[in-house]
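What follows is a single structure, written as structure tokens, with notes after it.
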Amino acid sequence: MKASCSDESVERVLNFLEKHGLSGHPSRGVERTVIGVLGGVGPWGAPGSIGGINPTVEESLESMPEVESVLRVSKPYKLASREFHPIDTVVEVPTPCVDGGIVQIGGEAIVMMAGPCTVESEKQLMTTAEAVRKAGAVVLRGGAFKPSTSPYGFRGLGEEGLKLLAKARDEFGMSIITEVMTPSDVEMVCEYADILQIGTRNMQNYMLLDEVGRTRKPAVLKRGMSATIEEWLLAAEYILSQGNPNVILCERGVRTFEKATRNTMDISAIPLIKRLSHLPIISDPSQGTGRRDLVGPMSLASLAAGTDALLIEVHPNPDEALKDGAQSLTIEQFRELMPQAHAISKAIGRYFVTR
Ligand code: PEP
Ligand code: MN
């Protein structure tokens, strides 16, 4: 749209689009207003593709006085692209312990999410929750349904684990992020979780993505361990295209030839995602490295690269953890990391959500 266009002119364009069977998604910034258009049909493209706009409709749009120019989104992902939606998406999560009771992910402030890899017992969860909350975390992580590479590994406490997470939420006012593995569990996990986590192994579980897309729950979509950036954004597109706008991407390392670390943490994905997409991007240096001694440095690097949140595994006694002990920080190590994280956020003109 032309600079300083009025609300009425935006409305006029939206009406025009609707009349032609297209949906308009306006994003109004301080300097620019962009209307993303979806849903063309006919010989020009498949339903839902922007390429599917009738060329004569495109010409009529271009000649409207308030329209500056009409550009085709060149990326295969549309709703997830920065071209379609130039303004940063901010995902809001109800979090009682912060001022106003809402934490924003993707805004100016950075969010610390921490907790055990897996909920093991009430004592383990409560001890960790209390400690990470005191140190400045506002979101509590913990898996109740765990994907296990081996069928003999610990696969989580299931709904019992979710109940413990809900208890920790009530006690410490933190919001909860936890993994959902299968479409049939989405409804139940939504009853307990504030943020759904879709794990690396499920990034391309399209039935699960569709189901999460039919909710409005904030959803953290981990990068598949061998997924390209484009495949990852197309997975996000699945959730968005079902109507759930609250998608948060999470870099958690990719599989490479390197064996010294569990995964190779792709820090460059953070600023790259910011360029390609309007969605928030967060960082999981625990799965990203698999090594406790590298979690601190990779957290700081992620912050410098522009992450909107950190997702960190912490355990009161990592050597006895049922899962991912080698990459879990001790409570003391987590406490020591916080002031360093604050210093980096300050250096880049951001700050942590804490109270
Ligand atoms: C986790 O967060 O504990 C986890 C299993 O993550 P990922 O899916 O990235 O391996
Ligand atoms: Mn883990």
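Values below: every heavy atom of this structure, side chains too, minus hydrogens, waters and symmetry copies. Note that the structure is predicted; figures quoted are calculated from it, not measured. All ligand and atom numbering here is 1-based and tracks the order in the structure. The residues of the chain are indexed from 1 along the displayed sequence.
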Is G143 close enough to touch ligand 1? Criterion: a residue heavy atom under 4.0 Å from a ligand atom.
no
Any heavy atom of K146 under 4.0 Å from ligand 1? The part involved is side chain
Just to be sure I read this right, does ligand 1 sit under 4.0 Å from the backbone of K323, its side chain, both, or neither, counting only heavy atoms?
neither
Report the member of M181, E251, R141 with the shortest heavy-atom distance to atom 2 (O) of ligand 1.
R141
Answer yes when [X] and [Y] have at least one side-chain N-carboxylate O distance shorter than 4.0 Å, and no when they do not.
X    : Y    : answer
R223 : D284 : no
K146 : D324 : no
R141 : E313 : yes
R133 : E130 : no

Could an N or O of ligand 1 be found under 3.5 Å from any N or O of K222, whether backbone or side chain?
yes
Under 3.5 Å, is there a donor-acceptor pair linking the side chains of T149 and R201?
yes
Mind listing the protein N/O/S atoms less than 2.8 Å away from the Mn ion (ligand 2)? Waters don't count.
C117 SG, E313 OE2, D324 OD2
Quick check: does any side chain N or O of S60 sit under 3.5 Å from a backbone N or O of T56, one acting as donor and the other as acceptor?
yes
Is a side-chain N or O of D266 found less than 3.5 angstrom from the main chain of E251, in a donor-acceptor match?
no
